[in-house]
Amino acid sequence: MVSRVIPVETFDLVIFGGTGDLARRKILPGLFRRFRSGQMPEGSRIIGAARSEIDSDGYRAMIAEAIAEFGGDEASDSDSLAAFLATLDYVAIDAKGDGGWADLAQKVRSDVVQAFYFSVAPSLFGDLAERLHSHKIATPDSRIVVEKPFGRDLDTARALNAVLSTHFNEDQIYRIDHYLGKETVQNLMAVRFGNVLFEPLWNNHYVDHIQITVAETVSVAGRGSYYDKSGAMRDMVQNHLMQLLCLIAMEPPSRFGADEVRDEKLKVIRALQPVAPHHIVRGQYDAGPDGPSYRNDAENPRSFTESFVALKCHIANWRWAGVPFYLRTGKRMKARSSEITVVFKDLGHTIFEGDTARHRNILSIRLQPNEGMDLQVTIKEPGPGGMRLIDVPLDMTFADALGADAEEVTDAYERLIMDVIRGNQTLFMRGDEVEAAWRWTDPIIQGWEARNDVPKLYDAGSTGPEDAMMLLHRDGRKWREVKG
Ligand code: BG6
């Protein structure tokens with residue numbers, strides 16, 4: 001059997017914010033899985049850096065606990081865990097002062113791949129970048145990894161880009177959007193550009209409209225103070241949904257290279273038309289039988305922040321002119337379900353007399369859960385009695401098709417961190433892409449602020465406010481059912 005683990009070079013990975021939530025929930029459990037699969041070469045080291053005055057043993061104990069809690073079944077492999085913990089080190093560091101930096105400089109080697117993960121508030125990016133340089137730790141080959149939120153509008157994103165670019169070149173900066181690391185999101189590109197079947201139909205001659213839904217059942221409880229200043233538009237649409245839109249709508253890149261792919265995505269964002277206020281619906285979840293209201297979760301009784309957005313937008317280019325893209329995302333919805341649906345146009349003429357029903361081919365790509373695709377096709381209803389047509393799904397659930405291999409699908413963070421070590425930026429956002437996304441999002445948010453827009457309440461456990469249904473009904477269309 002061919003090994004699916006592609007080795008990377010020996011590395012030193014420094015995680016600033018190494019004791020934080022993301023490090024404990026995602027980054028370190030993900031690295032442990034890569035370690036177990038044999039992808040972390042011997043001699044590689046992970047150095048946690050944070051304010052807490054703990055020593056390396058204290059850090060190892062903390063991470064052992066985190067892996068036990070968030071690492072799934074693999075955490076029970078105690079031999080591997082012990083070997084993994086031995087690769088960990090820790091430095092107590094002061095991002096805004098000089099404490100700990102000399103210690104860090106001693107630990108980070110210059111003859112291996114160096115990556116610095118800024119898992120900290122964006123307000124510290126500048127301080128970290130500056131000190132990595134003034135303490136002569138970073139080299140021209142070092143990589144830095146930054147998380148969303150990358151700014152809260154165009155100005156703040158520009159300022160962050162400027163701060164980072166003072167010390168690092170664009171090809172050293174890895175801006176994470178974890179949706180790009182999801183297996184099925186990458187499958188979007190494989191489906192589009194690896195098959196001859198779809199591409200000829202992928203345009204306004206054959207596509208009626210496209211829907212992108214990212215529905216979540218979770219509330220904002222526990223992260224209300226961040227979320228209430230953000231809302232669904234900044235938290236999900238500007239980044240995750242925008243990336244999905246780009247992958248579904250972009251032109252074929254000449255090769256699967258970082259700049260080729262990102263150039264094409266950027267063209268999509270730049271071609272997005274402004275969204276008219278009546279083409280967008282904001283919602284906020286109300287209390288339901290199994291949970292409190294958004295305002296309660298956010299601990300802000302007067303909050304006008306949206307936990308749901310549905311919108312219709314257009315891409316002004318030859319391929320997509322006239323094809324609406326409907327996007328929707330929300331918290332506390334009926335089911336956890338992310339799906340992209342391409343609804344093809346009706347047949348121009350039917351030869352089947354007496355068949356008055358509307359038959360449409362619909363391709364839906366399920367991102368999560370039950371990753372897979374189905375294609376609705378029209379066939380003859382079995383049995384005698386003439387030509388009666390029915391629509392049936394050709395269903396391909398990847399887990400069924402791929403068997404045991406599908407279960408090994410790597411988590412988005414694992415894949416993305418290994419891409420950083422490999423120096424592959426294809427699945428990371430470039431600075432100009434992020435800015436272009438804010439340039440499109442800003443006027444929408446500013447419009448709400450100027451109008452003191454009040455989000456429509458929706459029942460927790462529903463599919464969002466009634467107005468979101470109307471957005472499509474007005475156009476003679478309907479949303480796909482949200483089902484997990
Ligand atoms: C994060 C958002 O970026 O993505 C969260 O901040 C959201 O609000 C999460 O819940 C969704 O990610 P996933 O992988 O669970 O779909």
Side-chain angles (χ1 to χ4, degrees), residues 17 20-27 29-30 33 70 72 117-122 145-152 157 174-188 212-247 282-285 291 294 297-298 303 305-309 327-340 365-372 409-417 427-429 433-434 437-438 441 445 455 460 464 482-484:
D21 200 50
L22 185 71
R24 291 184 311 107
R25 271 174 194 276
K26 290 282 183 190
I27 304 174
R33 276 191 293 274
F70 304 114
Y117 201 127
F118 291 7
S119 180
V120 296
V145 185
V146 295
E147 277 288 334
K148 73 172 264 273
F150 199 83
R152 49 176 290 106
Y174 291 72
R175 295 176 195 78
I176 287 198
D177 182 313
H178 79 280
Y179 265 57
L180 287 176
K182 286 182 189 274
E183 183 72 15
T184 328
V185 173
Q186 289 170 72
N187 240 327
L188 280 178
I212 303 178
T213 295
V214 178
E216 298 185 277
T217 50
V218 290
S219 70
V220 302
R223 57 199 291 259
S225 62
Y226 150 75
Y227 194 92
D228 205 42
K229 291 191 209 72
S230 169
M233 194 70 188
R234 289 189 173 100
D235 184 55
M236 296 292 288
V237 179
Q238 185 272 347
N239 36 76
H240 305 325
L241 274 83
M242 178 74 82
Q243 290 297 324
L244 298 179
L245 175 71
C246 285
L247 297 181
R282 298 170 82 214
Q284 192 186 75
Y285 64 81
Y294 170 85
D297 283 337
S303 174
T305 301
E306 78 284 353
S307 60
F308 174 98
V309 170
L327 274 49
R328 115 184 116 155
T329 183
K331 304 276 186 217
R332 290 286 271 134
M333 290 179 67
K334 190 174 161 195
R336 177 171 185 253
S337 158
S338 302
E339 192 178 75
I340 300 178
I365 302 162
R366 297 187 300 274
L367 306 179
Q368 57 192 28
N370 310 326
E371 290 86 346
V409 165
T410 40
D411 172 78
Y413 276 92
E414 294 172 48
R415 179 194 316 279
L416 294 174
I417 295 169
L427 300 178
F428 296 83
M429 293 180 298
E433 235 185 292
V434 179
W438 282 121
T441 317
I445 297 175
V482 175
K483 51 175 192 235

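Ligands are counted one by one from 1 in listed order, and the atoms in each one are counted from 1 as well. The structure presented is a predicted model; accordingly, all values stated were derived computationally and were not measured. The chain is numbered in sequence order, starting from 1.
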Among Met236, Lys182, Lys148, Glu147, the residue with a heavy atom nearest to atom 14 (O) of ligand 1 is Lys182
Regarding atom 1 (C) of ligand 1: of the candidates His240, Glu216, Gln368, Lys331, which has the closest heavy atom? His240
Would the distance check show the side chain of Ser337 and the main-chain N or O of Ala215 forming a donor-acceptor pair, the cut-off being under 3.5 Å? no
Is there a donor-acceptor pair closer than 3.5 Å between any side-chain N or O of Glu306 and the backbone N or O of Met233? yes
N/O of Tyr179 under 3.5 Å from N/O of ligand 1, yes or no? yes
Could you tell me whether Lys148 and Asp177 make a salt bridge, using a distance below 4.0 angstrom between a side-chain N and a carboxylate O? no
Can an N or O of Tyr226 be found at a distance shorter than 3.5 Å from an N or O of ligand 1? no
Atom indices of ligand 1, in the order listed, that fall short of 4.0 Å to a heavy atom of His178: 1 (C), 3 (O), 4 (O), 12 (O), 13 (P), 14 (O)
Counting heavy atoms only, which of Asp411, Asp235, Asp177, Thr329 is nearest atom 6 (O) of ligand 1? Asp235
Got the closest protein heavy atom to atom 15 (O) of ligand 1, with its distance? Arg336 NH2, 3.7 Å
Think Arg175 forms a cation-pi with Phe150, using NZ or CZ under 6.0 Å from the six-ring centre and within 45 degrees of its axis? yes
Are Glu371 and Arg366 close enough for a salt bridge, meaning some N to O gap below 4.0 Å? no
For Arg33, give me all partners under side-chain hydrogen bond (donor to acceptor under 3.5 Å, both in side chains), at least two apart in sequence or on another chain. Glu414
